[in-house]
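A quick write-up on the structure given underneath.
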Amino acid sequence: MATVRNANKPGIYGDGGGLWFHVGPNAVDANGKPTKTDKLWLYRYMLNGKAREMGLWPVHAISLSEAREMAREARKQILQGVNPLEAKYAQRTLRKLEAAKAITFRDCAD
């Protein structure tokens with residue numbers, strides 16, 4: 001994990017199984033210190049002949065082992081015929097809908 005934390009050179013680095021580590025162009029601040037905001041885990045995959053890319057989480061939010069587990073789960077979804085990116089968006093929409101249902105009309109009016 002120290003290699004991930006200390007990576008400053010912009011690029012995309014493979015871990016295997018579709019998991020990639022992305023270091024963006026702003027990965028170093030004005031003092032030459034690495035930033036956390038421009039480093040993230042990606043899962044890249046092919047589905048129906050099209051290349052897809054799904055952002056997992058920033059490096060400061062999850063560990064390499066957690067990113068590997070998320071990539072493994074995405075591979076399982078693909079084997080089951082589910083597009084993991086669409087499933088991620090559907091889950092996000094469902095959470096927003098549930099949050100909206102939790103608000104009463106009175107709360108909205110206030």
Exercise for the section: Indicate, with yes or no, if Leu47 and Val82 share a hydrophobic cluster defined by side-chain heavy-atom contacts under 4.5 Å among Ile, Leu, Val, Met, Phe, Trp and Tyr. Expected result: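 As far as the 4.5 Å side-chain criterion goes, Leu47 and Val82 are not connected within one cluster.
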
Heavy atoms, side chains only, cut-off 4.5 Å: are [X] and [Y] in contact?
| X | Y | answer |
| --- | --- | --- |
| Phe21 | Asp15 | no |
| Val59 | Val23 | no |
| Asn83 | Asn48 | no |

Measure across [X] and [Y] and return the closest heavy-atom pair with its distance rounded to 0.1 Å.
| X | Y | value |
| --- | --- | --- |
| Leu85 | Glu53 | CD2-O, 4.0 Å |
| Ala71 | Leu19 | CB-CB, 4.2 Å |
| Ile78 | Pro84 | CG1-CD, 3.6 Å |
| Glu66 | Ala61 | OE1-O, 4.4 Å |
| Leu64 | Trp41 | CD1-CH2, 3.4 Å |

Ring centers of Tyr43, Trp20 separated by less than 6.0 Å: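 No, the ring of Tyr43 stays outside the 6.0 Å limit from the ring of Trp20, centre to centre.
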
Checklist entry - Is Glu98 paired with Arg95 through a side-chain N to carboxylate O contact shorter than 4.0 Å? => result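 Salt bridge between Arg95 and Glu98, a charged N being under 4.0 Å from a carboxylate O: no.
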
Check Arg72 with Glu69, please: is the shortest side-chain N to carboxylate O separation under 4.0 Å?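 Answer for the salt bridge query: yes.
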
OH/Tyr89: more than 12 non-hydrogen atoms of other groups inside 6.0 Å:
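At most 12 heavy atoms, drawn from other residues, nucleotides or ligands, come within 6.0 Å of this atom.
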
Value rounded to 0.5 Å, distance of CE in Met46 from CZ in Arg52
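Between atom CE of Met46 and atom CZ of Arg52 there are 9.5 Å.
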
| query | Rounded to the nearest 0.5 Å, how far does NZ of Lys88 lie from CE of Met70? | reply |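 Between Met70 CE and Lys88 NZ, I get 7.0 Å after rounding to 0.5 Å.
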
